[in-house]
There are 2 protein chains.
Amino acid sequence: MTEPDPAPRARLTRDRVLQAAVELADASGIDSLTMRKLGVELGVEAMSLYNHVANKSDLLDGMIDAVVGQIELPPTGTAWRTAMDLRAHSLRRVLTRHPWATVLMDSRASPGPATLHHHEYVVGTLRDAGFSIEFAAHAFSLMDSYIYGFVLQQNNLPPDAAATAELARQITAKFASGDYPHLTEMAVEYVLQPDYSYAAEFAFGLDLILDGLERSLRS
Amino acid sequence: MTEPDPAPRARLTRDRVLQAAVELADASGIDSLTMRKLGVELGVEAMSLYNHVANKSDLLDGMIDAVVGQIELPPTGTAWRTAMDLRAHSLRRVLTRHPWATVLMDSRASPGPATLHHHEYVVGTLRDAGFSIEFAAHAFSLMDSYIYGFVLQQNNLPPDAAATAELARQITAKFASGDYPHLTEMAVEYVLQPDYSYAAEFAFGLDLILDGLERSLRS
DNA sequence: ACCTGAACACCGTTCAAGT
DNA sequence: ACCTGAACACCGTTCAAGT
């Protein structure tokens with residue numbers, strides 16, 4: 001009887017804590033991510049978590065870096081526009097899967113290794129394509145502002161067509177129906193159409209931005 | 001002696017509550033905005049606030065609408081590109097003044113009158129300029145994604161040059177200095193230069209976007 | 001070295017009670 | 001009609017105690 005314990009609980013590690021935290025935030029929202037609930041999820045007292053993360057801020061930093069690590073980066077050598085296009089779409093998908101991460105960015109100041117590697121990849125791709133330092137900085141800021149802002153707005157929208165219609169109904173009920181003619185028109189004739197999908201708007205803006213960057217690079 | 005009370009405390013109103021809440025969030029951050037502290041600020045018990053706002057979520061909705069009301073909208077009839085340019089810069093300034101509002105957008109589902117009026121203005125300006133409904137929706141999404149995302153990133157940056165240099169020092173200390181050559185180059189030769197200002201990056205992206213929209217409109 | 005339980009200083013919100 | 005105080009069910013985190 002050298003190993004008598006029946007399925008001894010897997011040892012707690014920083015990675016297990018971070019993964020469980022990401023899953024809890026995905027499933028229940030970032031407000032439901034408390035040290036106590038995370039402890040329950042891991043079958044442990046909340047205080048045990050402090051052996052693996054310094055505090056809640058450190059936990060959030062680790063979660064963000066884990067999410068950034070999920071973003072697909074095309075192999076080095078890929079043409080810059082293709083690489084930036086694929087990376088942008090992957091980033092949007094990752095943030096859509098982990099909506100809380102979009103907003104958490106705002107308060108995280110200490111980037112982890114995955115974040116630094118990601119940034120190095122983007123800046124390197126642009127520099128290798130012939131962008132000047134200054135122009136690469138402009139391009140990086142523009143692309144990521146658009147991507148993060150898009151997901152921020154996407155998260156703010158009603159989750160489906162039924163909820164969208166319900167919101168439109170509430171608005172028109174609360175205010176005189178003639179108050180917002182252009183909003184009403186856009187809702188009725190476009191947003192409330194059965195085949196409308198906000199996610200599809202993403203490619204329009206991204207293509208316009210990449211077209212603009214390509215034009216600037218050639219001139 | 002018809003009015004004997006010496007300077008009777010101004011009656012609490014919803015507007016006074018909202019204004020004090022905005023000031024408290026501006027001064028101390030959104031995490032410091034608690035019902036108890038807001039009560040102290042207004043010289044009242046926390047529970048009194050519930051006579052003027054339904055709950056904390058309603059308070060946040062009201063704060064957002066108050067902030068949206070601060071955005072300057074050029075007079076109707078202004079050329080669309082000028083109007084969109086001025087409105088974008090005003091929106092950036094307003095969100096810079098109230099950084100917590102950028103992120104709060106994410107969780108607010110019920111738009112107030114100022115928000116609806118603002119959206120009506122933007123859609124109306126684009127439609128009057130000849131944008132189709134679908135194209136106006138694309139343009140609105142693109143502009144606001146960029147503006148909100150830009151401020152989100154801006155808020156995430158160190159507040160001044162000294163703090164930026166300190167962050168760069170921490171990163172290079174934590175990792176081998178050769179790990180991130182392009183990031184290091186961009187930091188040393190651009191971001192850490194004394195005259196660098198991230199806010200100045202805003203116009204580059206906005207102009208590129210408005211150029212692209214103008215081109216699409218003409219074609 | 002890691003986990004626990006009690007404790008502290010907080011939260012949002014309810015409810016009965018005051019004026 | 002509006003404001004109050006006590007209470008309830010939560011938080012993050014400290015700390016002494018266990019193994």
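Given the structure is predicted, the values throughout are model-derived calculations rather than measurements.
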**Gap between atoms CZ and P, on R36(A) and dT4(C) respectively (whole Å)** = 14 Å
**Prompt:** Which residues, if any, of residues 17-34 of chain B bring a heavy atom under 4.0 Å of DNA chain C?
**Reply:** L33(B), T34(B)
**Sorted by number, the residues of residues 47-60 of chain A with heavy-atom contact under 4.0 Å to DNA chain C** = M47(A), S48(A), N51(A), H52(A)
**Prompt:** Who are the salt bridge (charged side-chain N to carboxylate O under 4.0 Å, His left out) partners of R93(A), not counting sequence neighbours?
**Reply:** E72(A)
**Prompt:** Does the side chain of K37(B) get closer than 4.0 angstrom to OP1 or OP2 of dC11(C) through an N or O atom?
**Reply:** yes
**Message:** Quick one, Q154(A) and E201(A) - any side-chain contact, counting heavy atoms below 4.5 Å?
**Reply:** no
**Asked** How about H117(A) and Y180(B): are their ring centroids closer than 6.0 Å?
**Response** no
Donor-acceptor pair between [X] and [Y] side chains, under 3.5 angstrom:
X: S57(A); Y: R108(A); answer: yes
X: R87(B); Y: H118(B); answer: yes
X: S141(B); Y: Y198(A); answer: yes

**Message:** Just to be sure I follow the notation: if a pair is Watson-Crick (purine N1 to pyrimidine N3 plus N6-O4 or O6-N4) or a G-U wobble (N1-O2 and O6-N3), each under 3.5 Å, what dot-bracket string does DNA chain C give, with | for pairs to another strand?
**Reply:** ||.|||||...|||||.||
**Passing candidate, side chain to side chain contact (heavy atoms under 4.5 Å, CB included) with W100(A), options V67(A), N155(A), D31(A)** = V67(A)
**Item:** Carboxylate-amine/guanidinium contact E45(A) R36(A), below 4.0 Å
**Value:** no
Identify each atom pair where a protein N or O and an N or O of nucleotides 16-19 of chain C are less than 3.5 Å apart, giving names and distance.
none

**Message:** Run the ring pair (Phe, Tyr, Trp, His ring centres under 6.0 Å) test against F202(B) and tell me which residues pass, sequence neighbours left out.
**Reply:** H89(B), Y146(B), F150(B)
**Request:** Indicate the ring-plane relationship of F204(B) and H138(A), choosing parallel, tilted or perpendicular according to the 30° and 60° boundaries.
**Result:** parallel
**Message:** What verdict does the side-chain hydrogen bond (donor to acceptor under 3.5 Å, both in side chains) test give for E23(B) and Q19(B), after you've listed the backbone C-alpha separation in whole Å, the side-chain angles of each residue and the deciding distance to 0.1 Å?
**Reply:** CA-CA 6 Å; E23(B) 283 168 14; Q19(B) 199 191 326; 3.2 Å; yes
**Prompt:** Does the pair R14(A) and D58(A) meet the rule for a salt bridge (Lys or Arg N to Asp or Glu O under 4.0 Å), with working shown?
**Reply:** CA-CA 11 Å; R14(A) 181 171 228 265; D58(A) 181 41; 2.6 Å; yes
